[in-house]
Structure formats: C-alpha cells, structure tokens
Peer 1: 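This is the structure, below, for whatever I ask next.
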Amino acid sequence: MHFLSMNLRTLNNEERVELSKEVVKMLDRWRVDGADQVRLLGLPDDTAPRVLRRYHENTPLPNSPEINERIDHLLGIADALRTSNPCSATADVIWLHSINHRFENRTPLDAMIGDGLGGLLAVRTHLDCAYDWHLSGSRY
C-alpha cells in the first residue's frame, strides 16, 4: 500500500498497523537507533525504545496530528530519496548519515532528530522541490 498520497488520519486499524510496520522498518534500514526513532516519531519522551517492537508486529502508531505529520514527512523524505537515487539501494542511508552544509554541518538525520518537526520539514523541502513549491505558494 502506498501511504504517501493518503490521509493518514482516515486509515483504519489494519492500514495503520501496516503503516507502522513500514515506518519502523524504514527507520531500522536507515540505521536509526531506538531512542532516536522515538524522537523522530514524536512519541512521548518517556517511551522506552523497546516499545518500538510493538510497531513491528500488530500495534499501530498513535493516531495523533503531530505523529501523523511526522510520518508524512518521513514517508515524503523516503520517497524523495528513492526517486533521487533509483539505482542505488544504499544511497539514501549514505546521504542521511553524511555531513551536509545545508544543515549546519550536521547530517540530515541529526537535523531531523535534533530539530524535531522543523528538522523533518527542512530535510523534506531540501529533497523534494515539488513539496517546497507547494509550500512557497508559487503560482506560475
């Protein structure tokens, strides 16, 4: 199922379970440790990283506006990375873990973790000119 074009708030429980599996699998593939996954997803600060196992199985991520927005950005980032490097299975991970001057000489992943929702938005707009175009309100 392609979640990027869907309204995440309207997904049924089964769809949210599948979405949760996809998102945590993606974060694992990106080599994001458990504590940083908790931060990226905007889960409560006291969430133990071991709780993430539930999302690999049959528990959906919470259906809250902020978590849905974070998931939307993460999926948008993954899609932009996939279309930027369609022939490389590892280019996304390399890019996420490489220092980038656009993020104050931090890695994009560090910017997303450290800057919260603003970091996710900054990385997404850097990668996805169509998303950035939408935000700018340009009408050409």
Side-chain angles (χ1 to χ4, degrees):
M1 179 173 287
H2 193 322
F3 294 104
L4 189 58
S5 60
M6 301 181 84
N7 182 343
L8 300 181
R9 290 179 295 145
T10 63
L11 298 178
N12 65 36
N13 189 64
E14 182 180 316
E15 292 166 332
R16 284 202 70 82
V17 167
E18 290 306 311
L19 169 69
S20 300
K21 288 178 184 179
E22 184 177 317
V23 169
V24 293
K25 185 167 60 171
M26 175 185 71
L27 294 175
D28 286 343
R29 201 178 71 64
W30 286 355
R31 298 188 334 245
V32 179
D33 69 35
D36 289 337
Q37 286 186 29
V38 167
R39 292 180 71 193
L40 277 174
L41 292 168
L43 297 171
D45 291 337
D46 61 348
T47 303
R50 69 179 175 275
V51 170
L52 295 168
R53 271 194 314 258
R54 296 179 191 164
Y55 306 126
H56 282 284
E57 297 165 2
N58 291 320
T59 301
L61 286 160
N63 189 2
S64 76
E66 183 178 343
I67 291 175
N68 287 339
E69 185 175 3
R70 287 170 175 269
I71 290 170
D72 180 61
H73 287 311
L74 288 166
L75 293 173
I77 289 164
D79 191 54
L81 287 168
R82 185 175 38 258
T83 58
S84 296
N85 301 289
C87 297
S88 175
T90 59
D92 56 347
V93 176
I94 293 167
W95 187 83
L96 286 166
H97 289 271
S98 298
I99 299 293
N100 188 311
H101 74 280
R102 294 213 183 235
F103 306 110
E104 301 172 354
N105 291 321
R106 298 178 293 166
T107 69
L109 187 58
D110 287 339
M112 293 188 299
I113 294 164
D115 300 346
L117 200 48
L120 288 165
L121 181 61
V123 171
R124 186 173 186 183
T125 56
H126 173 73
L127 288 169
D128 187 348
C129 61
Y131 186 78
D132 189 24
W133 180 270
H134 169 74
L135 289 181
S136 70
S138 297
R139 304 270 188 248
Y140 289 102

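Fair warning: this is a prediction, and the values are worked out from it, not measured in the lab. Note: hydrogens, waters and symmetry copies are ignored here, and every other heavy atom, side chains too, is used.
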Peer 1: Let me see the working for L27 and L41 under side-chain contact (heavy atoms from CB on, under 4.5 Å), right down to the final yes or no.
Peer 2: CA-CA 10 Å; L27 294 175; L41 292 168; 4.1 Å; yes
Peer 1: Please give me the minimum heavy-atom distance between A78 and M26, naming the atom from each residue.
Peer 2: CB-SD, 3.3 Å
Peer 1: Does the pair R106 and N100 meet the rule for a side-chain contact (heavy atoms from CB on, under 4.5 Å), with working shown?
Peer 2: CA-CA 6 Å; R106 298 178 293 166; N100 188 311; over 6 Å; no
Peer 1: If you compare all heavy atoms of E15 against all heavy atoms of T10, which two are closest, and at what distance to 0.1 Å?
Peer 2: OE1-O, 4.5 Å
Peer 1: Residues two or more places apart in sequence or in another chain: which of them pass side-chain hydrogen bond (donor to acceptor under 3.5 Å, both in side chains) with R31?
Peer 2: none
Peer 1: Can you name the residues that form a side chain to side chain contact (heavy atoms under 4.5 Å, CB included) with A48, not counting sequence neighbours?
Peer 2: R50, V51
Peer 1: Please output the side-chain donor-acceptor pairs of residues 60-68 that fall under 3.5 Å, not counting sequence neighbours, one pair per line with the distance.
Peer 2:
| from | atom 1 | to | atom 2 | distance (Å) |
| --- | --- | --- | --- | --- |
| N63 | OD1 | N68 | ND2 | 2.8 |
| S64 | OG | I67 | N | 3.2 |
| E66 | OE2 | R70 | NE | 2.9 |
| E66 | OE2 | R70 | NH2 | 3.1 |
| N68 | OD1 | R16 | NH1 | 3.3 |
| N68 | OD1 | R16 | NH2 | 3.0 |
| N68 | ND2 | S64 | O | 3.3 |

Peer 1: Scan residues 13-72 for pairs that pass ring pair (Phe, Tyr, Trp, His ring centres under 6.0 Å), counting only residues two or more places apart or in two chains.
Peer 2: none
Peer 1: Testing the basics here: between V17 and N58, what is the closest heavy-atom pair and its distance to 0.1 Å?
Peer 2: CG2-O, 3.7 Å
Peer 1: Suppose we screen for side chain to side chain contact (heavy atoms under 4.5 Å, CB included). Which residues come up paired with T83, at least two apart in sequence or across chains?
Peer 2: D79
Peer 1: At what distance, to the nearest 0.5 angstrom, does CG of L75 lie from CZ of R124?
Peer 2: 8.5 Å
Peer 1: Would the number of heavy atoms belonging to other residues, nucleotides or ligands and lying under 6.0 Å from CZ of R102 be above 12?
Peer 2: no
Peer 1: Given side-chain contact (heavy atoms from CB on, under 4.5 Å), test D115 with L120 step by step and report yes or no.
Peer 2: CA-CA 8 Å; D115 300 346; L120 288 165; over 6 Å; no
Peer 1: With sequence neighbours excluded, give me every salt bridge (charged side-chain N to carboxylate O under 4.0 Å, His left out) pair touching residues 33-45.
Peer 2: none
Peer 1: Which pair of non-hydrogen atoms, one from S84 and one from A80, has the smallest distance, and what is that distance?
Peer 2: OG-O, 2.8 Å
Peer 1: Return the set of residues passing side chain to side chain contact (heavy atoms under 4.5 Å, CB included) with D46 (not counting sequence neighbours), or none when no residue passes.
Peer 2: P44
Peer 1: Output all residues satisfying side chain to side chain contact (heavy atoms under 4.5 Å, CB included) with A122, sequence neighbours left out; order by chain, then residue number.
Peer 2: F103
Peer 1: Would you say the side chain of D92 lies within less than 4.5 Å of the side chain of N85, judging by non-hydrogen atoms?
Peer 2: no
Peer 1: What's the spacing between I99 CD1 and E104 CD if we round to 0.5 Å?
Peer 2: 11.5 Å
Peer 1: For T107, check side-chain hydrogen bond (donor to acceptor under 3.5 Å, both in side chains) against everything at least two apart and list the hits.
Peer 2: D110
Peer 1: Atom CG in L19, atom CD in E14: separation rounded to 0.5 Å?
Peer 2: 12.5 Å
Peer 1: Compare all side-chain heavy atoms of L121 with those of L117 and state whether any distance is below 4.5 angstrom.
Peer 2: no
Peer 1: Less than 4.5 Å apart, side chain to side chain, heavy atoms only: is that true for L43 and Q37?
Peer 2: no
Peer 1: State, to 0.1 Å, how close P49 and V38 come at their nearest heavy-atom pair, and which atoms those are.
Peer 2: CA-CG2, 4.3 Å
Peer 1: Any heavy-atom pair between the side chains of V32 and D28 that's under 4.5 Å?
Peer 2: no
Peer 1: Is any side-chain N of the basic residue among E18 and K21 closer than 4.0 Å to the acidic one's carboxylate O?
Peer 2: yes
Peer 1: Any heavy-atom pair between the side chains of H73 and V123 that's under 4.5 Å?
Peer 2: no
